[in-house]
Participant: 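Provided herewith is a single structure, encoded as structure tokens, for subsequent inquiry.
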Amino acid sequence: MMRTRPLKVALLGCGVVGSEVARIMTTHADDLAARIGAPVELAGVAVRRPDKVREGIPAELITTDATALVKRGDIDVIVEVIGGVEPARTLITTAFEHGASVVSANKALLAQDGATLYAAAEQHGQDLYYEAAVAGAIPLIRPLRESLAGDKINRVMGIVNGTTNFILDKMDTSGAGYSEALDEATALGYAEADPTADVEGFDAAAKAAILAGIAFHTRVRLDDVYREGMTEVTAADFASAKQMGCTIKLLAICERAADGGSVTARVHPAMIPLSHPLASVREAYNAVFVEADAAGQLMFYGPGAGGAPTASAVLGDLVAVCRNKLNGANGPGESAYTQLPVSSMGEVVTRYHISLDVADKPGVLAQVATVFAEHGVSIDTVRQQGKDGEASLVVVTHRAPDAALSGTVEALRKLDTVRGVASIMRVEGE
């Protein structure tokens, strides 16, 4: 039997995502009520610019006082889509204090201080859901938190930023340089006027922190994530990747150590074999590859950003939270019981693809091989081309600690026969 009194929902933010949430709540009101077991009512919308026309939202619902809105006491669920750390953190914790559960899409806040939000939600008996914080419309957070809760996840690797994937895909398929591909992404609306958060890996790093925390039941903060952007990736790197049967993606990689005693989280460009499922992810799409003991290999794929896709994830969380409200129950909270340490990037075992400009004369390869041996790094393959006294040497290593590989590169730079290090890239997915 459906309850007649509606559940009241307040919206913090009414931009691209917030306006879509409001629209879907209105146009799908009957379906949402049937799925929840009670009507849902949009009871207030906090914005910064009240004079902006917002189609379909009654003017009396608009307010610039977000604090007063979350303190009302009659709000059942707050939907937070304003982003950033403050005032979002204070507004969310205040909402919990006044009896409201929270649905958030705020990856930056969750990655930086998710523990505070979890603690406040638990203290006041409220829910914190955030499916939309990672990978847009793709169901990912809930499968990790719930569907795989009985399994042991060993690795999560994915493309979690559509802007960077679009740029790298264009460089791969059209031969465009980085700047040219970025200009196209900007013109099509895939890249912001200031793309730094995307192309330097900040956005992906926040998502990696969230995924690692859930997957490994331990607290992983943004500062724990190694981050490397993709602005230095060149057409020559793609040419080298193709010769290896690979392509290049900006990957978020979260791993449990082989001995199970620590975890790592990192974001950086990497070559991956064309045979790997992530290699075929095109345009601005996202995909996340999960490896677990019992479930084996799983891949989640779909649009990772945009108003409608992200709103879809928000509304899914809203339905779940509203059902919990009706049943007097709560969904899963923070699971950080393992308290595993987060290892540094230097301890991560990786492979390297290194392109060197060297003198074209006898003994160069022997000198280079000696440096690798001295640092305990085994060489997998070597390719050398030379002409008119200059040569290029491409070395692909076996897996070794990243610190050993970095030390190898620094030693190579000191060789008189090495003119320069043209490119360095990690190789993943094998």
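Note: hydrogens, waters and symmetry copies are ignored here, and every other heavy atom, side chains too, is used.
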Participant: Do any N or O atoms from the side chain of Arg419 and from the backbone of Val358 form a donor-acceptor pair under 3.5 angstrom?
Facilitator: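 Looks like no, no N/O pair under 3.5 Å.
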Participant: Taking Asn286 for its side chain and Gly302 for its backbone only, find out whether a donor-acceptor pair lies under 3.5 Å.
Facilitator: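 Judged by distance alone, no pair lies under 3.5 Å.
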Participant: Could you go step by step and tell me if Thr164 and Asp198 meet the side-chain hydrogen bond (donor to acceptor under 3.5 Å, both in side chains) rule?
Facilitator: CA-CA 6 Å; Thr164 56; Asp198 295 322; over 6 Å; no
Participant: Identify the residue among Ile210, Val314, Asn106, Val103 that makes a side chain to side chain contact (heavy atoms under 4.5 Å, CB included) with Tyr130.
Facilitator: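 Among Ile210, Val314, Asn106, Val103, the one that satisfies the side chain to side chain contact (heavy atoms under 4.5 Å, CB included) with Tyr130 is Ile210.
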Participant: Do Arg54 side-chain atoms and Lys52 backbone N/O form a donor-acceptor pair below 3.5 Å?
Facilitator: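 Present.
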Participant: Does atom CD of Glu97 have more than 12 heavy-atom neighbours from other groups under 6.0 Å away?
Facilitator: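 Yes - once you tally the heavy atoms of other residues, nucleotides and ligands closer than 6.0 Å, there are more than 12.
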Participant: Do Val45 and Thr63 have side-chain heavy atoms sitting under 4.5 Å apart?
Facilitator: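 No. Closest side-chain heavy atoms not under 4.5 Å.
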Participant: Any carboxylate oxygen within less than 4.0 angstrom of a Lys/Arg side-chain nitrogen, looking at Asp224 and Arg219?
Facilitator: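 Result for this pair is no, no salt bridge flagged.
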Participant: Less than 4.0 angstrom from a charged side-chain N to a carboxylate O is my criterion; do Lys325 and Asp76 meet it?
Facilitator: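 So Lys325 does not pair with Asp76 through a salt bridge.
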Participant: Can any side-chain N or O of Arg142 pair as donor or acceptor with the backbone N or O of Ser147 at less than 3.5 Å?
Facilitator: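 Not a single qualifying donor-acceptor pair exists.
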Participant: Which pair of heavy atoms, one from Ala105 and one from Val81, lies closest together, and at what distance?
Facilitator: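 Reported closest heavy-atom pair: CB-CG1, 4.2 Å.
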Participant: Quick one, Lys249 and Met230 - any side-chain contact, counting heavy atoms below 4.5 Å?
Facilitator: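 The answer is no, as the side chains (C-beta and beyond) never meet within the 4.5 Å cut-off.
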Participant: Can you tell if the side chain of Met299 reaches within under 4.5 Å of the side chain of His276, non-hydrogen atoms only?
Facilitator: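 Not touching, per the 4.5 Å side-chain cut-off.
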Participant: How close do Ile57 and Ala22 get, heavy atom to heavy atom, and via which atoms?
Facilitator: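 For Ile57 and Ala22, the tightest heavy-atom pair comes out as CD1-CB, 3.8 Å.
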Participant: Test side chain to side chain contact (heavy atoms under 4.5 Å, CB included) on Leu356 and Val368; report intermediate values, then the result.
Facilitator: CA-CA 10 Å; Leu356 304 172; Val368 169; 4.2 Å; yes
Participant: Spell out, as yes or no, whether a donor-acceptor pair under 3.5 Å connects the side chain of Arg35 to the backbone of Val319.
Facilitator: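 Such a contact is absent between Arg35 side chain and Val319 backbone.
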Participant: Could I get the full list of salt bridge (Lys or Arg N to Asp or Glu O under 4.0 Å) partners for Glu55, not counting sequence neighbours?
Facilitator: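 For Glu55, no residue satisfies salt bridge (Lys or Arg N to Asp or Glu O under 4.0 Å) once neighbours in sequence are set aside.
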Participant: Do His353 and Val394 have side chains that get closer than 4.5 Å, going by heavy atoms?
Facilitator: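 In contact.
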Participant: Rounded to the nearest 0.5 Å, what separation is found between the SG atom of Cys246 and the CD1 atom of Ile272?
Facilitator: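 Interatomic distance, Cys246 SG to Ile272 CD1, rounded to 0.5 Å: 8.0 Å.
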Participant: I want to check something: taking the side chain as every heavy atom from C-beta on, are Val267 and Leu250 in contact at a cut-off of under 4.5 Å?
Facilitator: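 Side chain of Val267 against side chain of Leu250, heavy atoms only: contact under 4.5 Å found.
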Participant: Dump the intermediate steps for side chain to side chain contact (heavy atoms under 4.5 Å, CB included) on Leu42 and Leu11, then the final yes or no.
Facilitator: CA-CA 8 Å; Leu42 186 60; Leu11 188 59; 4.2 Å; yes
Participant: Got a donor-acceptor contact below 3.5 angstrom from the Thr408 side chain to the Val377 backbone?
Facilitator: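 It does not hold such a pair.
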Participant: One thing to verify: whether Glu228 and Arg266 come together as a salt bridge, which I'm taking to mean a side-chain N less than 4.0 angstrom from a carboxylate O.
Facilitator: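 No salt bridge links Arg266 with Glu228.
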Participant: The test is side-chain hydrogen bond (donor to acceptor under 3.5 Å, both in side chains); show your working for Thr264 and Ser343 and say whether it passes.
Facilitator: CA-CA 5 Å; Thr264 57; Ser343 298; over 6 Å; no
Participant: May I ask you to decide whether Lys170 forms a salt bridge with Glu283, counting only side-chain N to carboxylate O separations under 4.0 Å?
Facilitator: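 Looking at Lys170 and Glu283, the cut-off is met.
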Participant: Side-chain contact test, heavy atoms from C-beta onward, threshold under 4.5 Å: evaluate it for Val233 versus Ile248 and give yes or no.
Facilitator: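 With C-beta onward as the side chain, the pair touches.
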Participant: If only atom types and distance count, is the side chain of Ser280 paired as donor or acceptor with the main-chain N or O of Pro277 below 3.5 Å?
Facilitator: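 Answer holds: yes.
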Participant: Ignoring hydrogens and angles, tell me if any N or O in the side chain of Asp151 forms a donor-acceptor pair with the backbone of Leu148 under 3.5 Å.
Facilitator: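 Side chain of Asp151 to backbone of Leu148, a donor-acceptor pair under 3.5 Å: no, none is there.
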Participant: Between atom CD of Glu20 and atom OG of Ser312, what is the distance when rounded to the nearest 0.5 Å?
Facilitator: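 That separation rounds to 10.5 Å.
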Participant: Would you mind reporting whether Pro303 and Tyr285 have side-chain heavy atoms less than 4.5 Å apart?
Facilitator: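 When only atoms from C-beta onward are counted, Pro303 and Tyr285 do touch, with a gap below 4.5 Å.
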Participant: Taking CG in Asp416 as the centre, count heavy atoms belonging to other residues, nucleotides or ligands within less than 6.0 Å. Is the count above 12?
Facilitator: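 No, CG of Asp416 has 12 or fewer neighbouring heavy atoms, counting only those of other groups under 6.0 Å.
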Participant: Run the numbers on Val396 and Tyr352 for side chain to side chain contact (heavy atoms under 4.5 Å, CB included), then give the verdict.
Facilitator: CA-CA 6 Å; Val396 180; Tyr352 265 28; over 6 Å; no
Participant: Return yes when atom CZ of Phe166 has more than 12 non-hydrogen atoms of other residues, nucleotides or ligands closer than 6.0 Å, and no otherwise.
Facilitator: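 Counting neighbours around CZ of Phe166, more than 12 heavy atoms of other residues, nucleotides or ligands fall under 6.0 Å, so yes.
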Participant: What I want to check is whether the side chains of Thr417 and Gln367 have a donor and an acceptor closer together than 3.5 Å.
Facilitator: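 Gln367 and Thr417 do have a side-chain donor-acceptor pair below 3.5 Å.
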Participant: Once rounded to the nearest 0.5 Å, what's the spacing between atom CG of Leu168 and atom OG1 of Thr247?
Facilitator: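 Atom-to-atom, Leu168:CG and Thr247:OG1 are 7.5 Å apart.
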Participant: Closest heavy-atom contact between Leu12 and Leu69?
Facilitator: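 For Leu12 and Leu69, the tightest heavy-atom pair comes out as CD2-CD2, 4.0 Å.
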Participant: As a quick check of understanding, evaluate side-chain hydrogen bond (donor to acceptor under 3.5 Å, both in side chains) for Thr90 and Glu86, giving each step before the final call.
Facilitator: CA-CA 7 Å; Thr90 299; Glu86 287 291 356; 2.9 Å; yes
Participant: Please round to the nearest 0.5 Å and tell me the distance separating atom CG of Asp113 and atom CG of Leu222.
Facilitator: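 Between Asp113 CG and Leu222 CG, I get 11.5 Å after rounding to 0.5 Å.
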Participant: How close do Val421 and Ile354 get, heavy atom to heavy atom, and via which atoms?
Facilitator: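 Nearest heavy atoms, Val421 then Ile354: CG1-CG2, 4.3 Å.
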Participant: Any side-chain heavy-atom pair from Arg256 and Ser262 closer than 4.5 angstrom?
Facilitator: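 Arg256 does not reach Ser262 side chain to side chain.
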Participant: Please round to the nearest 0.5 Å and tell me the distance separating atom CG of Asn330 and atom OG of Ser101.
Facilitator: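 So the CG of Asn330 and the OG of Ser101 are separated by 6.5 Å.
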Participant: Show the nearest heavy-atom pair for residues Gly83 and Ala88, with the distance to one decimal.
Facilitator: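 Nearest heavy atoms, Gly83 then Ala88: O-CB, 4.0 Å.
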Participant: Under the side chain to side chain contact (heavy atoms under 4.5 Å, CB included) criterion, do Leu140 and Glu131 qualify, and how do the steps go?
Facilitator: CA-CA 7 Å; Leu140 180 61; Glu131 184 67 65; 3.9 Å; yes
Participant: Count the heavy atoms belonging to other residues, nucleotides or ligands that lie under 6.0 Å from CZ of Arg383, then report whether that count exceeds 12.
Facilitator: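 Atom CZ in Arg383 is crowded, with more than 12 foreign heavy atoms closer than 6.0 Å.
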Participant: Say whether, by atom type as modelled, one donor and one acceptor occur between the side chain of Gln123 and the main chain of Ala121 under 3.5 angstrom.
Facilitator: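 No, because the side chain of Gln123 does not come within donor-acceptor range (under 3.5 Å) of the backbone of Ala121.
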Participant: Going by an N to O cut-off under 4.0 Å, is there a salt bridge joining Arg155 and Glu428?
Facilitator: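 A salt bridge is present here (some side-chain N lies under 4.0 Å from a carboxylate O).
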Participant: Any chance you could lay out the side-chain hydrogen bond (donor to acceptor under 3.5 Å, both in side chains) test for Arg89 and Gln112, step after step, and finish with the verdict?
Facilitator: CA-CA 10 Å; Arg89 175 170 47 199; Gln112 183 167 314; over 6 Å; no
Participant: So Tyr337 and His217, would you call those rings parallel, tilted or perpendicular, with 30° and 60° as cut-offs?
Facilitator: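 Tilted: the ring planes of Tyr337 and His217 meet at 30° to 60°.
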Participant: Measure the NZ-CD distance between Lys152 and Glu291 for me, rounded to the nearest 0.5 Å.
Facilitator: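 Between atom NZ of Lys152 and atom CD of Glu291 there are 13.0 Å.
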Participant: Given 3.5 Å as the limit, does a donor-acceptor pair link the side chain of Lys207 with the main chain of Val160, or not?
Facilitator: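 Judged by distance alone, yes, a pair lies under 3.5 Å.
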Participant: Any chance the side chains of Asp237 and Ser423 put a donor and an acceptor closer than 3.5 Å?
Facilitator: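 Yes, a side-chain donor-acceptor pair sits under 3.5 Å.
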Participant: Is Glu122 atom CD crowded by more than 12 heavy atoms from other residues, nucleotides or ligands, each under 6.0 Å away?
Facilitator: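 At most 12 heavy atoms, drawn from other residues, nucleotides or ligands, come within 6.0 Å of this atom.
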Participant: Over all heavy atoms of both residues, which pair between Ile36 and Cys322 is shortest? Give the atoms and the distance, please.
Facilitator: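 Ile36 and Cys322 have their closest heavy atoms at CG2-CB, 3.6 Å.
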